[in-house]
Amino acid sequence: MSKFRRPLWLSVSLCTLAITSLLVPLALRSQTTAPPPPAILLGTAWYPEQWPESRWDADLTLMQEAGVHMVRVGEFAWSTMEPSEGQYNFAWLDRAIAAAAKHHIYTVLGTPTAAPPAWLTQKYPETLRVYEDGRRAEHGNRQQFNFANPKYRELARGIAEQMAKRYGHNPWVLGWQIDNEYADVSFDPETKAQFQQWLKARYATIDNLNVRWTTAYWSETYSDWNQIPIETRDGNPGLLLSWKRFVTDTWRSYQKNQLDVIRASSDPRQFITTNMMGWFDGYDLDIVCKDLDLASWDDYVGEGQLDPALNGAAHDLTRGFKGKNFWVMETQPGFVDWAPINNSLNKGEVRAMAWHDVGHGADTVSYWQWRSDLNGQEEYHGTLVGPDGTPVPLYPEVQQVGRDFAMASPVLAGTTVKSEVAILHSYDSRWAIEWQKQNGEYNPVSEIISYYRPLRAITQSLDIVAPTNPLDHYKLVVAPGLNVISDAVAKNLIEYVRQGGHLVLGQRSGMKNVDNGLQTERQPGPLVDLLGGRVEQYYALVHPVPVQGQFGSGECSLWAELLSTKDNQTEVLETYGKSNGWLDGQPAAITRQVGKGRITYIGAWLDADGMKAAAKWMTDISGVKPALGPVPDGVEVYPRYGDHGTVFILVNFSKAEQTVPLPSAMRDILEGGTKDFVTLPVYGVAVLLAPPQ
Ligand code: GLA
């Protein structure tokens with residue numbers, strides 16, 4: 001069967017449905033109300049368009065028996081919704097939503113624009129994106145569309161509007177996901193012209209752009225906007241950063257194009273989100289999220305087992321986009337099909353991961369996907385039901401998650417994550433370091449995690465936010481690798497310290513300005529005066545260098561900055577041992593008290609013990625306390641705060657059973673009773689309610 005041909009059962013039903021779907025859908029008219037959904041939802045991606053309707057009820061029954069309360073539907077179904085231009089077929093979707101509702105399952109609708117139908121791209125080939133090497137994409141995969149193309153936007157808006165008009169008031173539709181994992185951009189001439197217009201709007205005159213990009217270097221000077229190319233790797237740093245900012249703004253306007261029509265035709269109770277991608281840095285996710293009601297992301301481990309710090313930081317990053325609870329829109333039922341080795345999570349780890357998600361502030365955990373597609377690119381991916389329609393071995397574990405969520409939903413309702421410590425995350429800085437690594441092994445995300453890991457172990461709760469965010473409610477703000485510091489960021493950070501906060505800058509901070517050019521002061525640029533010290537020189541390291549002082553004796557690797565103090569109130573915290581001569585005996589970390597505030601600079605990538613000691617020092621001196629108290633290594637603590645007290649979620653990711661003493665008697669939500677300690681097997685979970693103090 002050709003990849004464009006639908007199975008017979010679907011083709012037959014389409015003829016009748018095309019007519020009936022123009023009428024007011026009866027199935028929808030009968031559904032005027034729905035009970036409020038539980039606070040914590042278990043969900044799954046369901047593709048009813050791939051299955052005979054006679055099978056739906058069996059699938060929905062199995063979902064209901066697993067405690068599933070939400071299906072995400074429709075995000076790749078454009079060819080089924082609009083089989084030919086202007087001929088809509090929504091009757092199947094009406095019935096799918098109604099069938100799910102009969103099982104008390106809510107629907108989240110995805111707009112199908114990540115997968116345009118073949119008729120569309122055949123008729124409007126300009127809607128296909130162009131790769132960087134000039135080839136045009138073809139039908140047969142997904143994400144083949146051009147995000148900047150006006151015709152594509154018109155067609156995308158059209159289908160989104162049809163959906164919104166039909167389902168915007170459906171009580172069983174909880175909300176909307178626009179498109180799916182925005183990622184691939186286009187390098188066609190029209191997009192390039194838009195980029196040049198974007199530059200004109202940003203820089204106003206070509207002379208201004210030339211000065212800010214220092215284009216006299218290598219004769220890069222432009223005399224006309226239309227001379228400016230697109231570069232993604234080897235271009236002028238100002239050009240590279242501008243392209244990323246253009247891509248960010250273009251995805252944002254791509255999204256707004258659909259968001260506006262959905263908002264105009266839907267109940268305010270229906271949220272609008274898109275599924276973001278953790279550490280993915282194709283554009284500034286924080287900015288793209290600004291127009292959405294809710295942040296959500298697709299949380300995959302890929303190869304290996306869950307690293308609670310690396311994964312937890314991605315949760316905190318996503319939560320930081322909107323500063324509130326978020327959704328895990330997709331996660332892996334055991335394993336994926338795209339990693340080098342698609343090993344399964346261990347028995348018990350999927351449940352542990354679900355609670356880790358909720359602990360970080362997720363209000364929904366949704367598995368991708370429900371059942372194996374019978375054909376298509378993802379036949380090997382993990383599912384909850386096999387191609388034969390019967391549960392896979394993981395299903396009972398997910399059932400347990402469903403039971404857990406049902407028990408814990410009432411106490412988790414209205415609870416949120418609150419932290420005394422924030423880590424600053426800047427896409428500009430990550431990109432700037434990635435383009436000019438100086439040490440090929442330098443990974444800006446690993447740098448963030450090297451701070452995050454020990455800080456989270458101490459505090460048991462961290463926020464990750466953009467450096468332009470309000471910071472005054474944090475006792476400690478840590479900025480690893482804040483390479484690019486704009487004037488607005490400098491102002492925000494200086495203000496924070498002057499008002500009594502403690503700012504810790506990690507290595508490579510304050511080197512670049514807003515155009516990805518060098519600051520005219522040494523690092524940390526506009527913060528040099530506040531710090532009363534600076535970076536004299538940076539050194540990429542081949543071999544580790546000894547370092548000792550306030551954080552004990554250890555080593556640093558990859559990167560070492562030679563610091564100096566010019567203010568007599570600036571103290572040296574760490575010094576380098578014998579190394580390349582330049583660094584020997586020189587400061588590696590310095591700190592200065594500023595009124596009630598403090599600023600610290602750590603210029604060396606410390607080893608794990610050094611980072612632990614540094615985290616202990618910075619939290620102690622800032623008066624930061626752990627949320628719960630000491631727990632055995634490998635036990636993760638996740639507090640969520642509400643009016644009725646604090647819910648502490650505990651998950652044992654260590655390799656042995658652990659007993660955790662509790663600082664006060666707490667109600668055990670999953671096991672029942674009141675406890676002053678809990679014993680957790682490997683991957684064991686406890687949900688504990690501590691009444692308000
Ligand atoms: C992404 C996509 C899904 C699916 C999964 C597989 O997250 O959004 O459609 O392809 O990956 O892991």
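Since we're looking at a predicted model, the values are computed, not measured. Counting starts at 1 for both ligands and their atoms, in listed order.
The proximity of Gln369 to ligand 1, defined as any non-hydrogen pair under 4.0 Å, does not occur for either the backbone or the side chain. Looking at Arg72 against ligand 1, nothing comes within 4.0 Å, counting heavy atoms. Under 4.0 angstrom from ligand 1, the non-hydrogen atoms of Asn180 all belong to its side chain.
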Walk me through it: do Glu75 and Gln177 pass the test side-chain hydrogen bond (donor to acceptor under 3.5 Å, both in side chains)? CA-CA 8 Å; Glu75 84 278 12; Gln177 174 192 304; 5.4 Å; no
Run the side-chain hydrogen bond (donor to acceptor under 3.5 Å, both in side chains) test on Thr390 and Asp388 for me, step by step, so that the C-alpha distance in whole Å, both residues' side-chain angles and the decisive distance to 0.1 Å come before the verdict. CA-CA 6 Å; Thr390 68; Asp388 62 340; 2.7 Å; yes
Assess the residue pair Glu85 and Tyr124 against the criterion (side-chain hydrogen bond (donor to acceptor under 3.5 Å, both in side chains)); give the C-alpha distance rounded to whole Å, side-chain angles, the decisive distance to 0.1 Å, and a yes or no. CA-CA 11 Å; Glu85 189 168 7; Tyr124 307 106; 2.7 Å; yes
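Not a single heavy atom of Glu75 lies less than 4.0 angstrom from ligand 1.
Val465 has its side chain within reach of Leu424: a pair of non-hydrogen atoms, C-beta onward, lies under 4.5 Å apart. At a threshold of 4.5 Å between non-hydrogen side-chain atoms, the residues Thr273 and Val108 do not count as touching.
Ring orientation note: the planes of Tyr106 and Trp172 are tilted relative to one another, at an angle of 30° to 60°. Between Tyr167 and Phe90, the ring-plane angle classifies as perpendicular under the 30° and 60° cut-offs.
Remark: ligand 1 atoms within the under-4.0 Å shell around heavy atoms of Phe76 are 9 (O). Less than 4.0 angstrom separates some heavy atom of His381 from each of these atoms of ligand 1: 6 (C), 12 (O).
Taking distance alone, with nitrogen or oxygen atoms compared against 3.5 Å, Glu181 approaches ligand 1 more closely than that limit. Residue Glu378 has at least one nitrogen or oxygen atom sitting less than 3.5 Å from a nitrogen or oxygen atom of ligand 1, judged on distance alone. The distance criterion of under 3.5 Å between nitrogen or oxygen atoms is met by Trp338 with respect to ligand 1.
At the shortest separation from atom 9 (O) of ligand 1 among protein heavy atoms lies Arg142 NH1, 2.9 Å. Scanning the protein heavy atoms around atom 11 (O) of ligand 1, the nearest turns out to be Glu330 OE1, 3.8 Å.
Partner Thr121 forms a side-chain contact (heavy atoms from CB on, under 4.5 Å) with one of Leu155, Asn146, Thr127 and no other, that one being Thr127.
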